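Notes follow the structure.
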Amino acid sequence: MEHSDQRELKAGEVIYEDGEEVTHAVFPEQGVVAIMAEMRDGRSVHQASVGREGFVGYAIVLGGGAAMGRSVVLVPGSATWVPIATFDQALLRFVSVREAILRYGQAHTIELMQLVACNSLHTADQRLSRWLLQTSDRMDAPSFYMTQEIMAKTLGLRRATVNMICSELMEAGAIDYSRGNLTITDSAVLEARACECYGRIRLAYASRHQQYGMP
């Protein structure tokens, strides 16, 4: 910790641009960071998210180099920034650290692969419901700040589509939403509307947590 730095995560802050050199492993303690794929025409789509279960900058483990995707803060909070040199020393010196990081990489890879299928096969309603549940899990809280504009951009949807889905979720009693303040009021209803990807991704991370006795 003496070689690390705790910083605030501000909504909309870009931690790494796609292809930018990774200098630190960034471990969110609160908040959520999205890994986005950016297209030449300006469109973007969500590839994966990172909360307190993982870290931004997994390219370090793969030999360093460039960031894979654009890392942008979705939900504000705080994070610990660990320099590459310090992170590499921890991986070399401590077997437990190395095993935990590799196990996270396995779960993260499962998420990436599952979301490829999700973005191709599932409806906007299913994807948004899944994403809201994942965000709540990463925040370890049912309430968080999230505008419809951010939801639309993150999931590659039209703002009108997100507005319609949120209205339907409110009518179903799944969420309460007002001026960006979103609360999941009935997770069971939201899970019923989400695709199977939510359960599969959650299981991948749960298996890792159980192995290391993590909450």
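Computed from a predicted structure; not experimentally measured.
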**Asked** Can you say whether the rings of H24 and W81 are parallel (under 30°), tilted (30 to 60°) or perpendicular (over 60°)?
**Response** perpendicular
**Request:** Check whether V26 and L91 end up in the same hydrophobic cluster, where Ile, Leu, Val, Met, Phe, Trp and Tyr are linked by side-chain heavy atoms less than 4.5 Å apart.
**Result:** yes
**Message:** Return the CG to CE distance between L182 and M146, rounded to the nearest 0.5 Å.
**Reply:** 8.0 Å
**Message:** Rounded at 0.5 Å granularity, tell me how far CG in L92 sits from CZ in F87.
**Reply:** 10.5 Å
**Request:** Could you tell me how the ring of H108 sits relative to the ring of Y58: parallel (under 30°), tilted (30 to 60°) or perpendicular (over 60°)?
**Result:** tilted
**Message:** What's the separation between atom OG in S136 and atom CD in Q134, rounded to the nearest 0.5 Å?
**Reply:** 11.0 Å
**Item:** Ionic contact status for R70 with E17, cut-off 4.0 Å
**Value:** yes
**Request:** Specify whether H46 and W131 have parallel, tilted or perpendicular ring planes, treating 30° as the upper limit for parallel and 60° as the lower limit for perpendicular.
**Result:** perpendicular
**Side-chain heavy-atom pair R130, Q114 within 4.5 angstrom cut-off** = no
**Request:** Measure the OG-CD1 distance between S71 and I35 for me, rounded to the nearest 0.5 Å.
**Result:** 3.5 Å
**Request:** Give a yes or no on whether Y145 and L128 share a hydrophobic cluster (residues Ile, Leu, Val, Met, Phe, Trp, Tyr; joining criterion: side-chain heavy atoms under 4.5 Å apart).
**Result:** no
**Fill in**
CD1 (I110) and CD1 (I201) are apart, to the nearest 0.5 Å, by 9.5 Å
**Request:** Kindly indicate whether the side chain of Q106, heavy atoms from C-beta on, has any atom under 4.5 Å from the side chain of L102.
**Result:** no
**Asked** OG1/T154 to CZ/R127 distance, rounded to the nearest 0.5 angstrom?
**Response** 10.5 Å
**Prompt:** Any side-chain heavy-atom pair from L74 and T135 closer than 4.5 angstrom?
**Reply:** no
**Note, L9 side chain near V32 side chain (heavy atom, < 4.5 Å)** = no
**Message:** I'd like to check C195 versus C118 (side-chain heavy atoms, cut-off strictly below 4.5 Å). Are they in contact?
**Reply:** yes
**Message:** If only side-chain N and O atoms count, and only distance matters, is there a donor-acceptor pair under 3.5 Å linking Y177 with Q148?
**Reply:** no
**Prompt:** Are V33 and L132 connected in a single hydrophobic cluster, I mean Ile/Leu/Val/Met/Phe/Trp/Tyr linked by side-chain heavy atoms less than 4.5 Å apart?
**Reply:** no
**P76 side chain reached by E8 side chain, heavy atoms, under 4.5 Å** = no
**Item:** Same cluster (ILVMFWY, side-chain, under 4.5 Å), M36 and V75
**Value:** no
**Asked** For the residue pair V82 and S4, what are the closest heavy atoms and their distance?
**Response** CG2-OG, 3.5 Å
**M1 vs Q6 side-chain heavy atoms within contact, under 4.5 Å** = no
**Asked** Do L121 and I165 belong together in a cluster built from hydrophobic side chains that touch within less than 4.5 Å?
**Response** no
**Request:** Decide yes or no for Q89 and H3: does some side-chain heavy atom of the first lie under 4.5 Å from some side-chain heavy atom of the second?
**Result:** no
